[in-house]
Trainee: 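Take a look at this one; I'll ask things after.
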Amino acid sequence: MNTEPVLYLLSCFLLHLLSSRKQSTASACAPIYNLAVDCGATSPQTGPDGRSWTGDHLKYAPAEQPINGQKSISATASNQAVARVPYYVARVSTSPFSYSFPVTSGQTFIRLHFYPTDYSEFNRSSSFFHVTAGDFTLLSNFSASLTADYLNRDVFVKEFCLNIDQESQKLNITFIPVSNSHAFVNGIEVVSMPIILYSGNNIDNTRVINIDLPPTNSALETMYRLNIGGAAISANDDTGMFRSWDSDDSFLASQTGVVPVNSSIQPHYSKIPNYTAPGELYKTARSMGTNGTKNMMYNLTWSLEVDTGFTYLVRLHFCEFEPEIQVDNDREFKIYIANQTAEEQADVILWSGGNGIPVYRDYAVNINYENPKTKTNLLIALHPGPHGMTRYADAILNGLELFKISNSDNNLAGPNPNPTFSPPNQEPEKALMIKITVYTCKISC
Ligand SMILES: *[C@@H]1O[C@H](CO)[C@@H](O)[C@H](O)[C@H]1NC(C)=O
Ligand SMILES: *[C@@H]1O[C@H](CO)[C@@H](O)[C@H](O)[C@H]1NC(C)=O
Ligand SMILES: *[C@@H]1O[C@H](CO)[C@@H](O)[C@H](O)[C@H]1NC(C)=O
Ligand SMILES: *[C@@H]1O[C@H](CO)[C@@H](O)[C@H](O)[C@H]1NC(C)=O
Ligand SMILES: *[C@@H]1O[C@H](CO)[C@@H](O)[C@H](O)[C@H]1NC(C)=O
Ligand SMILES: *[C@@H]1O[C@H](CO)[C@@H](O)[C@H](O)[C@H]1NC(C)=O
Ligand SMILES: *[C@@H]1O[C@H](CO)[C@@H](O)[C@H](O)[C@H]1NC(C)=O
Ligand SMILES: *[C@@H]1O[C@H](CO)[C@@H](O)[C@H](O)[C@H]1NC(C)=O
């Protein structure tokens with residue numbers, strides 16, 4: 001892909017704007033800009049997926065704010081058991097440094113790639129830093145090593161979504177080390193988004209209950225993006241925005257249900273734009289199984305760890321593809337988000353208009369806590385509709401995205417994972433103290 005901010009497909013973008021008043025928008029929009037920077041690299045690099053990354057020595061070199069004359073350096077990872085691009089080299093500094101990217105107004109993805117390891121004389125575990133983008137704090141006192149240890153991964157990506165206003169020509173991303181510490185980053189992506197991707201729901205029957213909605217120009221952090229019942233979908237197999245989708249296996253908190261698959265189906269995007277999610281997402285799902293009596297006895301539940309003190313945007317993706325499910329009331333179910341009823345009667349066919357048509361629903365849930373600096377589990381649970389209301393006592397989910405919404409201080413940062421903490425899904429007693437509001441919503445990010 002091109003790393004220049006070329007204005008190709010602008011007409012497609014405008015077309016989308018014009019057509020967004022209608023319910024159906026089946027346009028595919030390649031990004032207007034798609035910048036991928038291998039921080040610390042001196043030459044252009046090709047990533048494992050074939051994308052090209054520019055070195056920050058060639059382009060987008062950071063502005064330095066040296067403390068005691070100390071500028072950033074390019075450093076090579078001491079341990080190289082990971083993908084070479086963008087992880088073998090990093091930009092490392094004990095002073096603040098700032099990247100400035102050319103952007104256009106609209107929504108943009110920011111992806112920060114981290115490989116916490118020893119770089120030169122800089123110790124893996126002694127790095128703590130803040131990251132800001134525009135007016136937003138993305139990360140604060142952030143430890144990439146604690147995060148990687150907690151995730152049990154060598155490398156990881158933090159993804160954010162920001163609104164770029166009309167006047168801004170530049171997006172500045174600044175790394176600020178905590179004193180006596182160092183900041184580092186291995187790679188940065190800045191990729192434009194279609195205007196309405198995460199800014200609301202243009203499905204006919206969206207309920208808009210406007211309680212304490214965050215400001216319309218809030219920023220988002222992607223917490224989870226899951227292909228329910230399926231395998232991971234790589235950034236290259238996304239709809240052109242380089243989003244990665246994970247398998248949901250490790251987030252199930254109940255019986256696993258069954259995993260229906262219809263690999264022959266070509267999802268018909270008549271309700272949502274076809275860039276919303278890749279077709280693969282809608283070819284697999286998780287449902288409860290054929291024994292309705294058994295299904296009535298449990299909730300199909302996912303447990304997702306989140307930071308307290310924030311509002312979250314939950315996007316649930318659905319597509320009925322089993323031949324038995326054709327008309328309204330064939331499969332009707334309840335949706336609970338954080339133990340609150342989010343849908344009394346979810347009916348995918350009613351929402352989509354038919355078998356094979358993907359649809360999504362957005363919900364916002366506010367998770368407060370008496371001490372805001374902690375983590376808890378957000379439960380998403382499905383339960384069959386009552387006998388008589390539904391032909392099959394079952395439930396279905398195809399995909400799930402969960403975003404943290406910036407708070408009134410323009411902050412998205414949560415605490416570091418506690419190294420002595422037990423793994424997720426093990427702290428039910430904490431949930432008791434949470435005050436929760438669930439409401440379906442329209443949100444601009
Ligand atoms: C990094 O810090 C840890 C903990 O303070 C220490 O055990 C280790 O020896 C240090 N490594 C280097 C390369 O300095
Ligand atoms: C962004 O960075 C550029 C280049 O360092 C600088 O000229 C500009 O003032 C910065 N803008 C903001 C809003 O900080
Ligand atoms: C979306 O549909 C258009 C045709 O309307 C097609 O050109 C494009 O490849 C599709 N995009 C995706 C991601 O499927
Ligand atoms: C359905 O599940 C119930 C409860 O677990 C069980 O008693 C019953 O035997 C099951 N029926 C079939 C046909 O498997
Ligand atoms: C897959 O979906 C298609 C189109 O809706 C349908 O004709 C076919 O029977 C489905 N196959 C399976 C195995 O469910
Ligand atoms: C399903 O979850 C809801 C919300 O937490 C709860 O009220 C209900 O008792 C659960 N049902 C079962 C069968 O576990
Ligand atoms: C920074 O994070 C570390 C590790 O989580 C924590 O021990 C320390 O107290 C934090 N510092 C501040 C100022 O919050
Ligand atoms: C949510 O449900 C779980 C299990 O059903 C329970 O342990 C927890 O207390 C509930 N949380 C709230 C806030 O009701």
Side-chain angles (χ1 to χ4, degrees), residues 9 11-12 15-16 19 24-31 116 124-130 137 139-150 176-181 183 193-194 197 233 235-243 245 253-255 257 266-283 288 292-303 307 333-344 346 358 365 371-375 377-386 393 395 411 413-421 428 431-432 434 436 438:
L9 285 167
S11 57
C12 168
L15 213 151
H16 181 74
S19 63
S24 142
T25 50
S27 53
C29 293
R124 177 185 193 269
S125 56
S126 63
S127 167
F128 290 89
F129 55 97
H130 314 298
T137 300
L139 298 169
S140 186
N141 186 37
F142 176 67
S143 167
S145 62
L146 289 174
T147 304
D149 293 348
Y150 176 76
I176 307 159
V178 166
S179 58
N180 300 317
S181 185
M193 299 165 56
L197 185 64
I233 301 172
N236 238 29
D237 293 325
D238 189 37
T239 57
M241 287 174 275
F242 306 103
R243 298 168 299 175
W245 304 74
S254 66
Q255 297 180 46
Q266 291 301 321
H268 179 54
Y269 291 89
S270 60
K271 281 284 171 180
I272 57 175
N274 72 350
Y275 52 72
T276 306
E280 280 310 300
L281 187 82
Y282 299 110
K283 294 180 178 183
M288 300 181 82
T293 311
K294 190 173 147 202
N295 295 351
M296 290 306 286
M297 289 158 63
Y298 80 103
N299 284 341
L300 185 56
T301 307
W302 292 262
S303 175
D307 297 322
F333 52 98
K334 289 189 181 187
I335 302 174
Y336 301 101
I337 297 178
N339 294 352
Q340 309 285 297
T341 303
E343 295 285 354
E344 203 58 72
V365 56
N371 170 6
K373 290 258 164 193
T374 187
K375 292 176 188 287
N377 294 318
L378 192 162
L379 300 188
I380 299 190
L382 310 181
H383 189 74
N411 180 43
N416 287 314
N418 186 329
T420 62
F421 253 26
L432 291 171
I434 298 165
I436 290 156
V438 180

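First listed ligand is number 1; within each ligand, the first listed atom is number 1. Position 1 is the first residue of the sequence; numbering continues from there.
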Trainee: Quick one, list the residues around ligand 7 where some non-hydrogen atom comes in under 4.0 Å, by chain and residue number.
Mentor: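 These residues qualify: F128, N141, L146, N416.
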Trainee: What do you reckon, does K334 put a non-hydrogen atom under 4.0 Å from ligand 6?
Mentor: no
Trainee: Can you list everything that forms a side chain to side chain donor-acceptor pair (under 3.5 Å) with N236? Sequence neighbours excluded, please.
Mentor: none
Trainee: Give a yes or no answer on whether the side chain of Y269 reaches the backbone of G279 with a donor-acceptor pair at less than 3.5 Å.
Mentor: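 Yes; judged by distance alone, with no hydrogens or angles, the pair exists.
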Trainee: For ligand 6, is there an N or O atom under 3.5 Å from any N or O atom of Y336?
Mentor: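 In this structure, Y336 places no N or O atom under 3.5 Å from an N or O of ligand 6.
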Trainee: Rounded to the nearest 0.5 Å, what separation is found between the CG atom of D307 and the OG1 atom of T374?
Mentor: 8.5 Å
Trainee: Which atoms of ligand 6 sit under 4.0 Å from any heavy atom of N339?
Mentor: 4 (C), 5 (O)
Trainee: What distance do I335 atom CD1 and H383 atom NE2 have between them, rounded to the nearest 0.5 Å?
Mentor: 13.0 Å
Trainee: Taking N or O atoms only and a 3.5 Å limit, does Y275 qualify as a polar contact for ligand 3?
Mentor: no
Trainee: Residues in side-chain contact (heavy atoms from CB on, under 4.5 Å) with P278, at least two apart?
Mentor: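 Testing P278 for side-chain contact (heavy atoms from CB on, under 4.5 Å), a comparison that skips the adjacent residues, returns I233, D238, T239, R243, W245.
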Trainee: Of all residues at least two apart in sequence or in a different chain, which pass the salt bridge (Lys or Arg N to Asp or Glu O under 4.0 Å) check with D149?
Mentor: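 With neighbours one apart ignored, the set is R124.
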Trainee: State the CG-CG distance between N339 and L378, to the nearest 0.5 angstrom.
Mentor: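 Rounded to the nearest 0.5 Å, the CG-CG separation comes out at 9.0 Å.
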Trainee: Any salt bridge linking E343 with K334? Criterion: basic side-chain nitrogen under 4.0 Å from a carboxylate oxygen.
Mentor: no
